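First comes the structure, then the notes that go with it.
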2 protein chains.
Amino acid sequence: MNSRFIVATHILTLLASSDVPVTSEEIAVSVNTNPVVIRRLLVELAKAGLVVTQQGSAGGSQLARPAELITLLQVYHAMEPGHLFGMHRQTPNPECEIGNNIQGVMSGIFDQAEQAVEILFGSITLAQILGAVRIAVMQT
Amino acid sequence: MNSRFIVATHILTLLASSDVPVTSEEIAVSVNTNPVVIRRLLVELAKAGLVVTQQGSAGGSQLARPAELITLLQVYHAMEPGHLFGMHRQTPNPECEIGNNIQGVMSGIFDQAEQAVEILFGSITLAQILGAVRIAVMQT
DNA sequence: TTGAAGTGCAACTAAGATGGTTACAGTTCA
DNA sequence: TGAACTGTAACCATCTTAGTTGCACTTCAA
């Protein structure tokens, strides 16, 4: 369990809330971490086509597209390339009927679980998250 | 990402397929691991009320209840006490509107995702998994 | 009662993942 | 040209996970 997905979402929400490019230092202050950590995540987000980043003295990052066109699912896929649930460390014994088939059966179930999560994430945009943040601010 | 959930399910499926108590050694052979690893998981499964274990020379483990009355959700809760998605390592900056509210917003979303998974797991029993394994065996 | 077979547990180990830090090369712009 | 920024590598500390070893305790048949 790691923090990349939520931190990446944090980054993108911050970018969505700004009209101008945001430096990794500014993001790092919001996230409360080191700018290099932020930069590492920004490289992945850029590879996924979610942000564009400008080098040099006027550098900074911006969303690559409108916040309404970025879903949590896209963020999730950029940050978490693996599966949600793990398999055996060693291949189970193929001479045993359970050992020989349990992974196949369970991978089917795990796929369904992942799909349920993906459907949810695919239905939530960055604009909605920013909106929810702003509502929370007003209620404080 | 670990292997405890699927290995615990493997263990329980094996117990469900047997009329007699199964030793940790036999389970270890099916899972292809060391018996101590199995015993560790069995202790947790027993605490969760899913298995009963007999010590001594006639020792071994059995399901604590019929396979139709054990759901994947119960197994999951016994093996994975934490959350599915991680939060920031350090508390984000409360002076920033995004930093101050992103965790609240995202925890709501993560709860929904976990719920979707739990609904799925709660609908699948061990008996169904054993049935699926047996169907897979017949098709090999 | 004894010895064998099994559980439960502690301690140790190796491997891998994660996130933080430091240093610096490269890029851009005033 | 120098400052401000990105991108990257290397290192480090911490934590988790799963495997191994050793052994105390439990149980039961002989």
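On a predicted model such as this, the values are computed, not experimentally measured, just so you know.
In this entry the distance linking CZ of A/Arg4 with C1' of C/dT18 reads 9 Å, nearest Å. C/dG20 atom C1' lies 15 Å from atom NE2 of B/His88, rounded to whole Å. Rounding to whole angstrom units, CD of residue A/Gln90 and P of D/dT17 are separated by 17 Å. Rounded to an integer number of Å, the gap from CZ of B/Arg89 to P of D/dC15 is 10 Å. Per the geometry, CG belonging to A/Asn2 stands 11 Å off P belonging to C/dG20, to the nearest Å. Look at CG on A/Asn34: it is 12 Å from C1' on C/dA23, rounded to the nearest Å.
Tested against A/Ile70, the residues A/Leu15, A/Ile124, A/Val75 include a single side chain to side chain contact (heavy atoms under 4.5 Å, CB included) partner, A/Val75.
Counted by atom type alone, A/Arg89 and B/Ser3 present zero donor-acceptor pairs between their side chains at under 3.5 Å. A donor-acceptor contact closer than 3.5 angstrom is absent between the side chains of B/Thr71 and B/Thr125. A side-chain N or O of B/Arg65 and one of B/Gln74 form a donor-acceptor pair less than 3.5 Å apart.
Regarding contacts with the backbone of C/dG19, a side-chain N or O of A/Ser3 is found under 4.0 angstrom from either OP1 or OP2.
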Original post:
When every nucleotide of nucleotides 4-14 of chain D is labelled 5' to 3' by its protein contacts under 4.0 Å (heavy atoms), B for base, S for sugar-phosphate only, - for none, what sequence of letters results?
Top reply: BBBBBBB----
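Remark: A/Leu72 CG to A/Thr9 OG1 distance equals 5.5 Å, nearest 0.5 Å.
Applying the 6.0 Å contact sphere to CD of A/Gln115 captures no more than 12 heavy atoms from other residues, nucleotides or ligands.
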